[in-house]
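The basis for the numbers below is simple: all heavy atoms, side chains too, and nothing from hydrogens, waters or symmetry mates. Keep in mind that this is a model prediction, so the values were computed, not measured.
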Amino acid sequence: MAAAVNKSLLWTGLIASIGGILVLSLVSRRILAPVHSLSGAAQRLGQGDLAQRVPSSGPAELRKLSDTFNTMAENLETAEQQRRSLTADLAHELRTPLSNIQGYLDAVHDGLLEPDEATINTLRQQAAHLVALVEDLRLLALAEAGSLALNLQRESLRDLLQESVEAFRPRADAGGISLTLSAPGELPSLEVDRTRISQVVGNLLENAIVNTPEGGEVRVSAAREGEYIAVSIADTGAGIAPEDLERIFDRMYRVDPSRARATGGAGLGLTIARHLVQVHGGAITVSSIVGQGSAFTFTLPLNRGDC
């Protein structure tokens with residue numbers, strides 16, 4: 001009798017052990033499946049397949065890890081798409097003036113065109129466009145890398161704005177556009193790199209004048225807002241569509257590609273303006289109503305002693 005009981009207990013224990021092993025194996029596979037999936041996706045991602053995504057399943061910690069991986073993969077894919085787009089845009093921007101220069105030089109070489117003053121001036125303009133594009137790219141690279149050195153000096157922002165407005169007034173007058181400045185004389189001075197902030201204002205004025213029709217208006221204003229000075233450049237142009245507002249500061253992004261190329265723009269002006277404002281400790285925003293115009297506003301911080 002005792003032998004039979006022992007035998008029964010032995011078989012029961014054996015069956016329970018086998019069952020436990022099977023259950024443990026199934027549970028382990030279910031738990032480890034997302035890990036294996038994540039590991040394989042990470043390996044393929046490392047090999048350049050940026051379209052890899054993993055399902056969000058399993059325990060909370062694994063779901064969170066999967067979501068983090070998917071976000072990282074999506075960001076990498078977006079960055080790669082932007083890099084390819086930037087490369088294509090740069091190739092186009094460089095090819096156009098280089099092709100023009102080569103065409104003129106070939107025509108002069110073959111005797112089809114005289115190397116007179118008009119031809120030389122055209123070549124100079126194309127070369128200047130190339131130099132400006134390369135300088136914009138250099139400046140943008142330095143700003144994005146955090147390596148842009150600023151020559152900070154105490155400046156009157158009102159005087160800086162007045163100088164910029166007067167520099168653009170001939171262009172505005174030629175286009176039948178009213179260009180005005182509103183900045184109180186009591187605006188405090190602040191420490192800025194005059195050259196870089198002038199470039200910000202110039203980029204925004206250029207953008208406003210190009211997009212404002214004859215009879216329109218471009219208004220430049222400045223005012224103190226707490227610990228900052230806010231500068232606004234508003235126009236009465238066609239405005240910017242909501243879907244374009246989200247990307248207006250992206251590199252090489254153009255609301256109207258054909259028009260921007262025709263005017264020689266490379267789509268870097270607003271990107272550079274944003275970075276130059278940010279390295280000064282400020283921020284830049286845009287608001288727009290289609291059919292009524294747009295307003296770009298940037299802020300610059302005041303020193304503690306001026307507050």
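Residues Val108 and Ile120 do not share a hydrophobic cluster, clusters being chains of Ile/Leu/Val/Met/Phe/Trp/Tyr side chains in contact below 4.5 Å. Leu142 and Leu137 end up in the same hydrophobic cluster when Ile, Leu, Val, Met, Phe, Trp and Tyr side chains are linked at under 4.5 Å. Residues Leu98 and Leu268 share a hydrophobic cluster, clusters being chains of Ile/Leu/Val/Met/Phe/Trp/Tyr side chains in contact below 4.5 Å. Linking ILVMFWY side-chain heavy atoms closer than 4.5 Å, directly or via other members, places Leu300 and Leu152 in a single hydrophobic cluster. By the rule that hydrophobic residues join a cluster once side-chain heavy atoms approach within less than 4.5 Å of another member, Leu140 and Val134 end up as members of separate clusters.
Heavy atoms only, all atoms of each residue included: Pro188 and Leu302 are closest at CG-CD2, 3.6 Å. The shortest heavy-atom contact between His129 and Pro97 is CD2-CG, 3.7 Å. Nearest heavy atom pair, residue Ala295 against residue Ser232, reads CB-OG, 4.3 Å.
In this structure Glu166 satisfies the salt bridge (charged side-chain N to carboxylate O under 4.0 Å, His left out) test together with Arg169, sequence neighbours excluded. Remark: Arg95 pairs with His92 by the side-chain hydrogen bond (donor to acceptor under 3.5 Å, both in side chains) rule, at least two apart or across chains. Every side-chain contact (heavy atoms from CB on, under 4.5 Å) that Leu76 has, sequence neighbours left out, goes to Leu45, Leu50, Met72. The side-chain contact (heavy atoms from CB on, under 4.5 Å) check on Tyr228 picks up Thr299, Pro301, with sequence neighbours excluded. By the side-chain hydrogen bond (donor to acceptor under 3.5 Å, both in side chains) test, Asp67 is found to be paired with Ser56, residues two or more places apart in sequence or in another chain being considered. Take Thr180 and apply the side-chain contact (heavy atoms from CB on, under 4.5 Å) test, not counting sequence neighbours, and it matches Ser178, Glu217, Arg219. For Glu135, the salt bridge (charged side-chain N to carboxylate O under 4.0 Å, His left out) partners at least two apart in sequence or on another chain are Arg138. Residues that satisfy the side-chain contact (heavy atoms from CB on, under 4.5 Å) test with Gln278, not counting sequence neighbours, are Arg274, His275. The side-chain hydrogen bond (donor to acceptor under 3.5 Å, both in side chains) search around Asn75 returns none, not counting sequence neighbours.
Residue pairs meeting the side chain to side chain donor-acceptor pair (under 3.5 Å) criterion with at least one member in residues 108-122, sequence neighbours excluded: Asp116-Thr119. The stretch residues 277-288 participates, sequence neighbours left out, in no salt bridge (Lys or Arg N to Asp or Glu O under 4.0 Å) pair at all.
Annotation: side chain of Thr195 is not in contact with side chain of Asn151 (no heavy-atom distance under 4.5 Å). Looking only at side-chain heavy atoms (C-beta outward), Ser189 and Leu157 stay at 4.5 Å or farther from each other. Residues Gln199 and Asp136 are in side-chain contact: their nearest non-hydrogen atoms beyond the backbone lie under 4.5 Å apart. When side chains are defined from C-beta on, Leu181 does not count as touching Ser164, because their heavy atoms never get closer than 4.5 Å. For the pair Arg196/Leu139, a side-chain contact is recorded, criterion being any heavy-atom separation below 4.5 Å from C-beta on. Side-chain contact between Val231 and Thr297: absent, with no pair of heavy atoms (C-beta onward) separated by less than 4.5 Å. Asp193 places none of its side-chain heavy atoms less than 4.5 Å from the side chain of Glu155. Looking at Phe298 and Leu204, their side chains come closer than 4.5 Å, going by heavy atoms from C-beta outward.
Taken from CD in Gln126 to CD1 in Ile101, the straight-line distance is 6.0 Å, to the nearest 0.5 Å. Rounding to the nearest 0.5 angstrom, the gap separating the CD1 atom in Ile248 from the CD atom in Glu243 is 11.0 Å. We find the CD-CG distance between Glu77 and Asn70 to be 11.0 Å, quoted to the nearest 0.5 Å.
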Does Glu225 form a side-chain contact (heavy atoms from CB on, under 4.5 Å) with Ile229? I'd like the steps, not just the answer. CA-CA 6 Å; Glu225 295 183 357; Ile229 291 182; over 6 Å; no
I'd like to know whether Glu206 forms a side-chain contact (heavy atoms from CB on, under 4.5 Å) with Arg171, so could you lay out the CA-CA distance, the side-chain angles of the two residues, the decisive distance to 0.1 Å, and finally the verdict. CA-CA 9 Å; Glu206 171 81 19; Arg171 284 194 56 188; 2.4 Å; yes
Before giving the answer on side-chain contact (heavy atoms from CB on, under 4.5 Å), spell out for Arg154 and Val192 the whole-Å C-alpha distance, their side-chain angles and the decisive distance to 0.1 Å. CA-CA 6 Å; Arg154 188 158 295 280; Val192 296; over 6 Å; no
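Remark: the backbone N or O of Phe249 is not paired with any side-chain donor or acceptor of Arg247 at under 3.5 angstrom.
No option in Ile233, Leu270, Leu276, Ile272 other than Leu276 meets the side chain to side chain contact (heavy atoms under 4.5 Å, CB included) test with Val200. Among Ile177, Leu179, Val201, the one residue that satisfies the side chain to side chain contact (heavy atoms under 4.5 Å, CB included) test with Phe168 is Leu179.
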Ignoring hydrogens and angles, write down the donor-acceptor pairs under 3.5 Å from the side chains of residues 283-290, residues two or more places apart or on other chains.
unit_1, atom_1, unit_2, atom_2, d
Ser288, OG, Ile240, N, 2.7
Ser288, OG, Gly293, O, 3.1
Ser288, OG, Ser294, OG, 2.8

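The existence of a salt bridge linking Arg194 and Glu163 is confirmed by a sub-4.0 Å separation between a basic side-chain nitrogen and an acidic carboxylate oxygen. A salt bridge is absent between Arg53 and Glu74; no separation between the charged side-chain nitrogens and carboxylate oxygens falls under 4.0 Å.
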